[in-house]
Peer 1: 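Below is a structure I'd like to ask you about.
Hydrogens, waters and symmetry mates are skipped; everything else that's a heavy atom, side chains included, is used. In what follows, chains carry the letters A, B, and so on, assigned in the order in which the sequence lines appear, proteins first and then strands, with residues in each chain numbered from 1.
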2 protein chains.
Amino acid sequence: MGACQRGRELSIRHVPYRYRDVMTDKRSQRAADRTEAIMRTTLELGQEIGYAKLSIEAVAARAGAGKHTIYRRWPSKGALLLDSLLSLNEAGLDYPDTGDIVADLRVQIHAAVDLLARPPFGPLFQALIGEAQHEPQVAAALNERFIAPQADKTVARLRAARDQGQLSPQFDLELAMAILSGPLYFQLLITQEPLTHEYVDRILDALFTGIGPTQAY
Amino acid sequence: MGACQRGRELSIRHVPYRYRDVMTDKRSQRAADRTEAIMRTTLELGQEIGYAKLSIEAVAARAGAGKHTIYRRWPSKGALLLDSLLSLNEAGLDYPDTGDIVADLRVQIHAAVDLLARPPFGPLFQALIGEAQHEPQVAAALNERFIAPQADKTVARLRAARDQGQLSPQFDLELAMAILSGPLYFQLLITQEPLTHEYVDRILDALFTGIGPTQAY
DNA sequence: ATATCAGTACGGCACGTGCCGTGTCGAAAT
DNA sequence: ATTTCGACACGGCACGTGCCGTACTGATAT
């Protein structure tokens with residue numbers, strides 16, 4: 001604990017300033033390669049033995065890296081795993097706007113569910129959310145870099161539908177997003193029953209039968 | 001170390017522990033007292049230093065108990081904390097049926113939120129849900145002994161309302177429970193914004209404006 | 001010459017497990 | 001009725017293990 005307490009913005013990773021934007025010089029390139037190798041190894045090992053048994057020592061050993069190299073960049077196991085998971089998704093997912101709000105939400109949420117609740121990365125995501133419950137820094141980074149962007153896209157799609165008159169002008173976009181997402185995380189984290197596309201569809205059907213454009217809500 | 005190594009018979013001192021003894025004889029009563037003292041200490045220490053820093057060694061030390069006594073009864077820190085938290089709520093909470101489904105749900109959910117998201121026990125509950133993400137046994141126990149009973153009460157109240165004609169006969173009770181509960185856990189575990197009564201009310205208003213008795217859903 | 005690296009060693013902490021001697025109990029023997 | 005005994009859980013202690021996070025080394029690359 002307590003490595004690098006200096007507030008470095010919202011980023012969890014400790015990237016020296018000179019590595020920030022300039023990927024052109026060879027030194028930065030080397031560092032980036034090592035960083036990527038470490039993250040790849042983290043995902044490998046994590047899938048093999050699970051988050052609980054995953055240790056930084058083991059990652060360093062398999063990656064052929066020194067522990068110091070890892071601690072230089074990440075303050076905790078959670079931060080390392082978060083970066084590793086997000087490195088696969090840096091571009092983010094793009095979602096359609098076909099004009100059919102329910103169909104588009106379905107595509108969007110199905111994709112999120114596949115990423116979050118299915119192998120190979122679902123179990124690691126789930127464990128990371130667990131870790132966030134007693135590591136505020138991990139919680140903040142997870143929110144900012146994964147949850148919020150995903151939520152923003154959902155809200156944006158809902159807003160477009162409202163602007164097109166498919167939803168009531170009083171429709172509360174943020175609340176609707178929470179009502180759509182909540183049951184999925186409830187199923188994933190609390191009841192821990194399988195989170196299927198069919199379940200997503202049932203929720204969408206239930207909600208949009210009741211909150212269609214003709215409803216006051 | 002090797003003081004008394006002579007002539008010890010090979011008797012097995014530690015016979016497998018039978019978990020639930022009959023509480024009639026004094027021996028069992030003493031054991032129950034010890035158990036309660038350990039759980040009380042667990043909650044004390046947990047509130048002071050948080051779940052992450054809570055160690056079984058520290059609990060044993062403060063409770064004046066041996067580590068063995070703890071390991072004899074609980075397989076993990078999570079199991080110990082779960083028992084400790086639930087020991088306060090053994091009776092469970094009773095909820096009203098005034099005939100007004102929305103008002104009754106509000107009372108019910110407000111009480112659950114107060115327990116789950118407010119000091120003194122909210123943070124510990126939250127950490128325990130986190131632990132459940134990488135300890136399946138904790139997850140199962142948490143579900144069986146806290147989540148499911150709470151959900152059952154919500155479903156029961158919804159069923160009564162449906163039987164009284166306040167909800168459509170096609171109303172899916174389980175799904176509605178998940179849609180009611182989900183956003184709360186989403187707020188608690190994912191966005192980690194404050195979980196207020198006002199937020200609960202907004203969700204209830206939003207949902208029951210849309211899913212009243214005249215709706216097909 | 002400078003900086004980063006892998007490798008290694010270290011102190012610290014909590015884990016989970018042995019064994020010790022003690023105290024309390026109920027049952028059997030005296 | 002008193003004593004003796006075995007069964008059992010207990011607090012305490014020490015052990016070996018595993019991982020933590022840090023510090024130092026010499027090699028390597030620019």
Peer 1: Quick check: does any side chain N or O of A/Glu131 sit under 3.5 Å from a backbone N or O of A/Ala127, one acting as donor and the other as acceptor?
Peer 2: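 Flag not set: sc A/Glu131 to bb A/Ala127 has no pair under 3.5 Å.
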
Peer 1: Please report the distance, rounded to the nearest Å, between CD1 in B/Ile70 and P in D/dA9.
Peer 2: 16 Å

Peer 1: How many whole angstroms separate atom CZ of A/Arg62 from atom C1' of C/dG7?
Peer 2: 19 Å

Peer 1: Would you check if B/Phe208 and B/Leu105 make a side-chain contact, meaning some heavy-atom pair closer than 4.5 Å?
Peer 2: yes

Peer 1: Output one letter per nucleotide in nucleotides 12-17 of chain C: B when a protein non-hydrogen atom lies under 4.0 Å from the base, S when only the sugar-phosphate is that close, - when neither is.
Peer 2: --SBBB

Peer 1: A/Arg73 side chain N/O closer than 4.0 Å to the phosphate oxygens (OP1, OP2) of C/dT4?
Peer 2: no

Peer 1: For a quick test of your reading: what N or O donor-acceptor pairs under 3.5 Å do the side chains of residues 110-120 of chain B make, sequence neighbours left out?
Peer 2:
unit_1: B/His110; atom_1: ND1; unit_2: B/His197; atom_2: ND1; d: 3.4
unit_1: B/His110; atom_1: NE2; unit_2: B/Asp201; atom_2: OD1; d: 3.0
unit_1: B/Asp114; atom_1: OD1; unit_2: B/His197; atom_2: NE2; d: 2.8
unit_1: B/Asp114; atom_1: OD2; unit_2: B/His197; atom_2: NE2; d: 3.4

Peer 1: Which heavy-atom pair separates A/Pro149 from A/Glu144 by the least distance, and what is that distance?
Peer 2: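 Of all heavy-atom pairs spanning A/Pro149 and A/Glu144, the closest is CD-O, 3.3 Å.
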
Peer 1: D/dA9 phosphate, OP1 or OP2: any side-chain N/O from B/Thr69 under 4.0 angstrom?
Peer 2: no

Peer 1: Regarding B/Arg202 and A/Asp172, does a basic nitrogen lie under 4.0 Å from an acidic carboxylate oxygen?
Peer 2: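 A salt bridge links B/Arg202 with A/Asp172.
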
Peer 1: Taking only Lys NZ, Arg NE, NH1 and NH2, and the carboxylate oxygens of Asp or Glu, determine whether A/Glu44 and A/Arg40 approach each other closer than 4.0 Å.
Peer 2: no

Peer 1: Examine distances only and state if a side-chain atom of A/Ser181 and a backbone atom of A/Ala178 form a donor-acceptor pair shorter than 3.5 Å.
Peer 2: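 No; judged by distance alone, with no hydrogens or angles, the pair does not exist.
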
Peer 1: Out of curiosity, B/Arg62 CZ to B/Thr42 OG1, how far, rounded to the nearest 0.5 Å?
Peer 2: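 Rounded to the nearest 0.5 Å, the CZ-OG1 separation comes out at 10.5 Å.
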
Peer 1: For DNA chain D, find the residues of residues 129-138 of chain B with a heavy-atom distance under 4.0 Å and give them by number; none if there aren't any.
Peer 2: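 Under 4.0 Å from DNA chain D: no residue of residues 129-138 of chain B.
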
